[in-house]
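Structure, as C-alpha cells:
Just so it is clear: chains get the letters A, B, ... in the order the sequence lines come, proteins before strands, and each one is counted from 1.
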2 protein chains.
Amino acid sequence: MGRSTSRLANDAWEALLTAHAVLIKQMAATEVWNELSMREYDVLYTLSKCPEPVRARELTRHVLLSQPALSRMVDRLIGRGFIARDPDPADGRGVLLSLTEPGRAIQRRVGGRHAVDIACLVRDRLDPAELRTLEELCHKLATDDNEETS
Amino acid sequence: MGRSTSRLANDAWEALLTAHAVLIKQMAATEVWNELSMREYDVLYTLSKCPEPVRARELTRHVLLSQPALSRMVDRLIGRGFIARDPDPADGRGVLLSLTEPGRAIQRRVGGRHAVDIACLVRDRLDPAELRTLEELCHKLATDDNEETS
DNA sequence: TTGAGATAGATGCAAACGCATGGATATACG
DNA sequence: CGTATATCCATGCGTTTGCATCTATCTCAA
C-alpha cells in the first residue's frame, strides 16, 4: 500500500519484462534452435494455430516483427519449403500464408522440444494455481481494445 | 481442470508472451522513442538503477542483447555522451559502465513519458490487486536459480 | 464512372544483430 | 614459477532488421 496506481502499473510491467527477458535468455541457451530460430519458430507456431490461410498483415499483428521484416522472413521460409504464399482471391493486394506439410512437421518437432524446456523452467517456480492466475492476468493484459469490435 | 502441469505451464508462458508482444507493439507506436530507441532506453534504464558503475558482463545479463551487440551499443551511447566506460581497477579485463549526467537526464525524460504510456495501457485492464499479483508472479518466474548462490 | 485517398505487400538501403573469433588478463594447477 | 584453461571485452563478417518508399489494389464519394 502507498504506491500509486501508476507506480503499481509500472512495477508490474517491469516485473513482466524481466521475467520475459530471463526466461527468453534461458530458453535461447538450449539446443532447440539449431534448425529454426526463435523468431522463425514464432511465425510457424502462429501459422500452426490458424485453421485457414492467413493474411500477411494479420500475421504481422501477432508477431513481433515489422511488416518488411516479416515479408522477407516469409521469403526465406518459403525458400526452405516450410510455408506457402498464395494470392488472396478476395483481395488482389493481399497474400495468404499457410504451413506446408514439412513446415507443420518441423513446427511440431521443434515445438515439442521447446514445450519441455518451458515446462522445466516454469514448473519449479509456480504451482498450478499460480500458473492459472498468471495466464488469466496476461490474457486481460493482452486484450486489445481496438480488436474487440471486429 | 484436466490440463496437465506441463500444459498449464505452456499456456501461461504463451499468454505472457502474447501480453508482452501486444504491449510492446502498442508502446512502440508512441512518440516516446524519437530520441532513444527502446533497446537503448533499456540499457540506460538498467544503468540508472545501479548505484555504482557496472561491469559490461553484468549488463549483458539484464538486457536482451548479445555481448557483442551490447558492446557496440555502448560504443554508440558513449559517442552520444550518455554513458562512460572506464577500466575496472580490480580486473584488467573488465570495463565499468556508468551513466553520465546527460545520460541520466535523457533517461529520466524518456522514462517519465514512457511511464505515462505504461500506466495508460495497463491501468484499464488490471486493478491494483491484480497488478500486485502479476508483479509477484513475474518476480517468482524471474528468479534465476543459478543467481541465488552468489 | 472516375479520381482521391487508404491499405497490402515488396524492395532499396543503412543500421544493428548474432556467431565466430581474437587479444588480453585472470585463475588454477602441476 | 610457469603453463594450461577460463573469462572479459572487442572486432570481422554475413545476415536480418527497420525506415522510407514504391507499386498495385481496394474503397468511397462526387
Legend entry - Spacing of Glu40(A) atom CD relative to dT16(D) atom C1', expressed in whole Å: 10 Å

Inset, instruction - Please work out if Leu65(A) contacts a base, only the sugar-phosphate, or nothing of the nucleic acid, heavy-atom cut-off 4.0 Å. - result: sugar-phosphate

Inset, instruction - To the nearest Å, give me how far apart CD1 (Ile83(A)) and P (dG9(C)) are. - result: 12 Å

Legend entry - Arg93(A) CZ to dC26(D) C1', straight-line distance once rounded to whole Å: 4 Å

Inset, instruction - Compare the minimum distances between each of dA8(C), dA16(C), dG12(C) and the side chain of Arg76(B), then state the nucleotide with the smallest one. - result: dA16(C)

Inset, instruction - Begin from the C-alpha positions of Ile78(B) and Val74(B) and carry the test side-chain contact (heavy atoms from CB on, under 4.5 Å) through to its verdict. - result: CA-CA 6 Å; Ile78(B) 289 174; Val74(B) 165; 3.7 Å; yes

Inset, instruction - Please round to the nearest 0.5 Å and tell me the distance separating atom CD of Gln107(B) and atom CG of Leu99(B). - result: 7.0 Å

Inset, instruction - Let me know, please, whether Gln67(B) or Met73(B) comes out on the 5' side of the other along DNA chain C by nearest nucleotide. - result: Met73(B)

Inset, instruction - Figure out the CG/P separation between Asp75(A) and dT11(C), and round it to whole Å. - result: 7 Å

Inset, instruction - Give a yes or no on whether Arg7(A) atom CZ has more than 12 heavy-atom contacts from other residues, nucleotides or ligands under 6.0 Å away. - result: no

Inset, instruction - Let me know the distance between CZ of Arg39(B) and P of dA15(C), rounded to the nearest Å. - result: 17 Å

Inset, instruction - Write down the distance between CZ (Arg57(B)) and C1' (dC9(D)), rounded to a whole number of angstrom. - result: 10 Å

Inset, instruction - Side chain of Ser66(A) only, please: which of dA8(C), dG18(D), dC19(C) is the nearest? - result: dG18(D)

Inset, instruction - Report yes if at least one side-chain N or O of Ser71(A) is closer than 4.0 Å to OP1 or OP2 of dA10(C); otherwise report no. - result: yes

Inset, instruction - Say whether Val116(A) and Ile118(A) are linked into one hydrophobic cluster, either directly or through other cluster members, by side-chain heavy-atom distances under 4.5 angstrom. - result: no

Legend entry - Interatomic distance where CH2 belongs to Trp33(B) and C1' belongs to dC19(D) [whole Å]: 18 Å

Inset, instruction - Starting at atom CZ of Arg80(A), determine the distance to atom P of dT16(D), rounded to an integer number of angstrom. - result: 9 Å

Legend entry - Below 4.0 Å: OP1/OP2 of dC9(D) and any side-chain N or O of Arg85(B): no

Legend entry - Heavy-atom closest pair, residues Arg55(B) and Leu96(B): CD-CD2, 3.7 Å

Inset, instruction - Report the nucleotide, chosen from dC9(D), dG18(D), dC17(C), that has the shortest atom-to-atom distance to any side-chain atom of Arg55(B). - result: dC9(D)

Legend entry - Base of dG18(C) paired with side chain of Arg72(B) (donor-acceptor, under 3.5 Å): yes

